[in-house]
Amino acid sequence: NPDLSKQIGLKVQQGAYIDTKTGSVVKGSPASKAGLQPGDVITEINDTKISDTKSLTSVVSAYKVGDTVNLTVVRDGKTQTIKLKLGEAPAS
């Protein structure tokens, strides 16, 4: 949201932020294998915008394990597309 993006210095105001403090990209997970990094902001999945009304979880729930999706990600102020094959998160 706009308040959080201002607080942590992001240039985008909507999306799913991968927190740098919690290290929320689990090693061996689909996100890790796709190259997602702490500090990234996922703004879209297959052209569906992540927003206050459409959370990352709700958008991902429309797909199943094994599906490949295109993520629009903002990293260091630059937008890029990352292809990710959905899978189950590894056990912790």
Side-chain angles (χ1 to χ4, degrees):
N1 66 39
D3 291 333
L4 179 61
S5 64
K6 183 178 180 182
Q7 206 173 39
I8 55 181
L10 298 173
K11 296 185 188 257
V12 293
Q13 295 185 1
Q14 296 284 327
Y17 175 66
I18 301 176
D19 195 347
T20 57
K21 293 180 183 174
T22 61
S24 54
V25 178
V26 176
K27 186 175 182 177
S29 69
S32 174
K33 291 175 183 176
L36 290 173
Q37 301 174 7
D40 286 352
V41 179
I42 303 168
T43 58
E44 296 180 22
I45 298 177
N46 285 349
D47 298 321
T48 300
K49 292 185 184 306
I50 307 301
S51 65
D52 292 339
T53 58
K54 291 193 177 196
S55 70
L56 177 69
T57 305
S58 69
V59 175
V60 169
S61 69
Y63 300 94
K64 62 184 188 281
V65 171
D67 286 348
T68 300
V69 296
N70 291 311
L71 307 177
T72 302
V73 175
V74 177
R75 178 182 295 157
D76 299 325
K78 297 177 183 155
T79 301
Q80 57 184 291
T81 301
I82 294 177
K83 193 173 290 266
L84 180 139
K85 184 174 183 177
L86 297 174
E88 294 187 26
S92 39

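- With no hydrogens or angles considered, no side-chain donor-acceptor pair links Thr57 and Ser55 at under 3.5 Å.
- When side chains are defined from C-beta on, Thr68 does not count as touching Leu86, because their heavy atoms never get closer than 4.5 Å.
- Val25 and Leu36 make their closest contact through CG1-O, 3.7 Å (heavy atoms, listed as atom of the first residue, atom of the second, distance).
- Considering every non-hydrogen atom in both Gln14 and Ser51, the closest pair reads OE1-CA, 3.1 Å.
- Between Thr43 and Ile50, the closest side-chain pair of non-hydrogen atoms is not below 4.5 Å.
- In this structure, a donor-acceptor pair under 3.5 Å is absent between the side chains of Asp40 and Tyr17.
- Of all non-hydrogen atoms in Ala34 and Lys83, the two that sit nearest each other are CB-O, 3.7 Å.
- With contacts defined as side-chain heavy-atom distances shorter than 4.5 Å, the pair Val41/Ile18 does not qualify.
- When all heavy atoms of Gly87 and Pro30 are compared, the pair lying nearest together is N-CG, 3.6 Å.
- For the side chain to side chain contact (heavy atoms under 4.5 Å, CB included) with Glu44, the lone residue among Val59, Thr72, Val69 that qualifies is Thr72.
- The minimum heavy-atom distance linking Lys27 with Ser32 is given by the pair CA-OG, 4.1 Å.
- Taking all atoms of both residues into account, the shortest heavy-atom contact from Gly28 to Lys33 is O-CE, 3.3 Å.
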Quick one, Ile45 with Val60, criterion side chain to side chain contact (heavy atoms under 4.5 Å, CB included). Give me CA distance, side-chain angles, the key distance, then yes/no.
CA-CA 8 Å; Ile45 298 177; Val60 169; 3.6 Å; yes

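- The shortest side-chain heavy-atom distance between Lys49 and Lys54 does not fall under the 4.5 Å cut-off.
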